[in-house]
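The figures here come from the full heavy-atom set of this structure, side chains too, leaving out hydrogens, waters and symmetry mates. Just so we're on the same page: letters track the sequence lines, and every chain starts at 1.
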Amino acid sequence: MNIQQFLERELTKDLVKISGKNFPAIVKPAQRTEFGHYQANGIMGAAKALKQNPRELAKKLVSNTQARPFETEIAGPGFINITLKTDFIADALSALRSDPLLGITKPKSLKIVVDYSSPNLAKEMHIGHLRTTTIGDSIVRILEYIGHDLVRANHVGDWGAQFGSLLAYMDQLTETGQSLSTELKDLERFYQAASALFKKNQDFAEKARNYVVKLQSGDPNCIELWKQFISESIRHSQVVYKTFDITLANSDIRAESAYNDDLPTVVQELASEHSLLVESDGAKCVFLDEFKGKDQKPLPAIIQKSDGGYPYMATDLAAARYRTRVLKANKVLYVVGVEQQLHLKQVFAVAKKAGYIQKDQEYKHLSFGMVLKEDGSRFKTRDGADVKLIDVVNEAIERALALVSKKNPSLSISEKQKIARVVGIGSIKYAELSKNRTTDYIFDWDRMLSFEGNTAPYLQYSYTRIRSLFRRAEINSLEGKIEITEEAEIRLSLKILQFPEAIESTLEDYQANVLCGYLYELSGLFNTFYERCPILGSYNQTSRLILCDLTSRIIKQGLELLGIKTVEQM
RNA sequence: GCGCCCGUAGCUCAAUCGGAUAGAGCAUCGGCCUUCUAAGCCGAGGGUUGCAGGUUCGAUUCCUGCCGGGCGUGCCA
């Protein structure tokens, strides 16, 4: 049950009754503890529209009480403060215990495509892929959890000019008798070596350009080399996904090249069926009024280049077409950097005109800011200075191992390693997810891998405290009345009951930091409760253990929705 | 030039889409481990929310103008 929605319904019903008009009660969680548990803010607005005194209106609303499970009180200019009765809270907690969804009401199931991670296979995954991969994976997990039908779309870049020099380099290595598999182990170095050759050696550059043509014309030898490179590169990224607990599987990959055969069709459909295509300077373009470039000139969406090649606009349109027609998606979410905003706007606009996006579908760009260095400058994409994602992950695990060894030296090596992995990976993901996704991200080892405060380890640690209690308690059933009396118990209980609200707010704009904030508050309230209220051996041990149990279930589930694991001790 | 985004405590970030006295963490300072894991808890200091106007009972939030920063702006992705 969503208490906020319950209160909203109840009070809005009453407000409509006394005002005769359809005013919402606007119920929100109380901002300060002295204001109770929730507050209704809609009375002031309603009173203004009715030209009435807000406090008078509030008085009517408050006195219009039948048997309500909450107390109301007028405050300030016309707020209504709402305090839930402890019986109500206890009953709601009881109901929650048997609910595998922890209070969430499943919405109507939709088919949702999430386009995320989508690395360029010509490069090794680097820190820039952290955001799309972590955010996308979390959104997928949350949407799936509440019952939607998810398609993970890993739209990897496996086509285009950058493969020319890679293939030429592969060819050259084979000719000189070097082991390809050895060289491909470090893709980043491989790419750098190839691009260095491209710059330095004119013959090589010529060969590379040749390879692009050969690749695009489907030359069998060339395709064979290409396939070898791609499968090696995919293997690399799957290792990163597995290490980093990302749910993307090989089968989630639908690469750019998968749309190759559709590209001429897209061009043809845009031209003949929709008359959208215009030739301009030799390129086939779609001009839409809403896009203006420099000097107010019309800005084209280039579908086919003057040399006959297809830019990613074409591929993205083909992908939209596929997602609509074949996948029949209700919703498509693109977890892509903010710098692609204009591009995606164009894709969506052209796709709508072409009927690749239907009126009842929602295509949405979930943008995120860039990864910056400490000095605020941008991580460059082609100078080879990018930090490999796998290195970040490994360093996090190392740091976590050092910390757990210090904090809990008595654990066995294998236990420490297991904990270090869970804590290290959790820290990186949480550092990313706990921030508003739309702002830029400053990459800082120390900050990212600090394990204090509002971090994954804090939540994971709270969880282990609870698990430790249950290990000590040695009980196998938790049957008994829930009795909450202490302030710390009430506040914790209320937060427990707000899990559905947290999930819903998170999904309003797909902001994982809302869920992070909720889990952090939950853990904080638990730790306060833990300090203030004795649990084992106390007069209401069972009731308190029930609170502990619910807290741990939510932390575990909530972290899982963020792609973060828990351990039993740390 | 034009379009979009951002500017909140020394630092990193919140503020549930207009609500009450702008909150956390880090850092600084002080207290709490012979009792359930101190990766914890309790407390203190720290703010003209870039600036100036406007809208209204009420603005970090909406509007206008400035200042500062970023990204994008026809054949890379």
**Study point:** A/D289, CG: over 12 other non-hydrogen atoms inside 6.0 angstrom
**Key:** no
**Asked** Under 6.0 Å from the CZ atom of A/R254, do we count more than 12 heavy atoms belonging to anything else shown?
**Response** yes
Output yes if the stacking criterion (under 5.5 Å between centres, under 30° between planes) is met for A/F79 over the base of B/A20, else no.
-> yes
_Tell me whether the ring of A/F35 lies stacked over the B/A20 base, given a 5.5 Å limit on centroids and a 30° limit on the plane angle._
yes
Note: contacts of residues 417-425 of chain A with RNA chain B (heavy atom, under 4.0 Å) are none
Note: contacts of residues 533-541 of chain A with RNA chain B (heavy atom, under 4.0 Å) are A/C533, A/P534, A/I535, A/L536
Q.
Taking A/K435 first and then A/D440, would you say they form a salt bridge - that is, a charged N and a carboxylate O separated by under 4.0 Å?
A. no
Worksheet item: Hey, is A/K353 close enough to A/E290 for a salt bridge, meaning N to O under 4.0 Å?
Response: no
Hits for side-chain hydrogen bond (donor to acceptor under 3.5 Å, both in side chains) against A/Y520, two or more places apart or cross-chain, chain-then-number order -> none
If the cut-off is 4.0 Å, is [X] near the phosphate of [N], judged by side-chain N/O to OP1 or OP2?
X	N	value
A/R32	B/A22	no
A/R472	B/U37	yes
A/Y312	B/A77	no

So if I take every side-chain heavy atom of [X] and compare against [options], which nucleotide ends up nearest?
X	options	result
A/P300	B/G19, B/G74, B/A39	B/G74
A/S468	B/A24, B/G19, B/U37	B/U37
A/M44	B/U37, B/A20, B/G19	B/G19
A/K305	B/G40, B/U21, B/C76	B/C76
A/Y530	B/C36, B/G40, B/U21	B/C36
A/K294	B/U73, B/G25, B/C41	B/U73
A/E452	B/A27, B/C41, B/C76	B/A27
A/E339	B/G72, B/U21, B/A39	B/G72

Distance alone, cut at 3.5 Å: any donor-acceptor contact between the side chains of [X] and [Y]?
X	Y	value
A/Y430	A/Q460	no
A/Q4	A/E504	no
A/N527	A/Y458	yes

Check: Quick check, are the ring centers of A/Y312 and A/H343 under 6.0 angstrom apart?
Finding: yes
Give each protein N/O atom lying under 3.5 Å from an N/O atom of nucleotides 12-18 of chain B, with the pair distance.
unit_1: B/A14; atom_1: OP1; unit_2: A/N436; atom_2: N; d: 2.6
unit_1: B/C17; atom_1: OP1; unit_2: A/K28; atom_2: NZ; d: 2.9
unit_1: B/C17; atom_1: OP2; unit_2: A/K28; atom_2: NZ; d: 2.8

Parallel, tilted or perpendicular: which describes the rings of A/Y363 and A/Y334, with under 30° parallel and over 60° perpendicular? tilted
ask   = So A/F229 and A/F163, would you call those rings parallel, tilted or perpendicular, with 30° and 60° as cut-offs?
value = perpendicular
Heavy-atom nearest nucleotide on RNA chain B taken for A/Y520 and for A/A75; more 5' hit belongs to A/A75
Nearest-nucleotide check on RNA chain B, A/M370 vs A/M313; residue mapping nearer the 5' end is A/M370
Can you give the donor-acceptor pairs under 3.5 Å from side chains of residues 33-40 of chain A to other protein atoms, not counting sequence neighbours?
unit_1: A/E34; atom_1: OE2; unit_2: A/R32; atom_2: NE; d: 3.0
unit_1: A/H37; atom_1: ND1; unit_2: A/L84; atom_2: N; d: 2.9
unit_1: A/Y38; atom_1: OH; unit_2: A/Q498; atom_2: NE2; d: 3.0
unit_1: A/Y38; atom_1: OH; unit_2: A/E501; atom_2: OE1; d: 3.4
unit_1: A/Y38; atom_1: OH; unit_2: A/E501; atom_2: OE2; d: 2.7
unit_1: A/Q39; atom_1: OE1; unit_2: A/Q31; atom_2: N; d: 3.4
unit_1: A/Q39; atom_1: NE2; unit_2: A/N41; atom_2: OD1; d: 3.0

In A/I234, A/I253, A/I230, the residue satisfying side chain to side chain contact (heavy atoms under 4.5 Å, CB included) with A/D158 is A/I230
Checking A/M570, A/Q417, A/K418, A/Q569 against A/L411 for side chain to side chain contact (heavy atoms under 4.5 Å, CB included), the one that qualifies is A/Q569
Base-pair string, RNA chain B, Watson-Crick plus G-U, cut-off 3.5 Å on both distances, | for inter-strand, is (((((((..((((.....[...)))).(((((.......))))).....(((((..]....))))))))))))....
Per the O4'-C1'-N9-C4 / O4'-C1'-N1-C2 angle with a 90° window around 0, B/C33 comes out syn
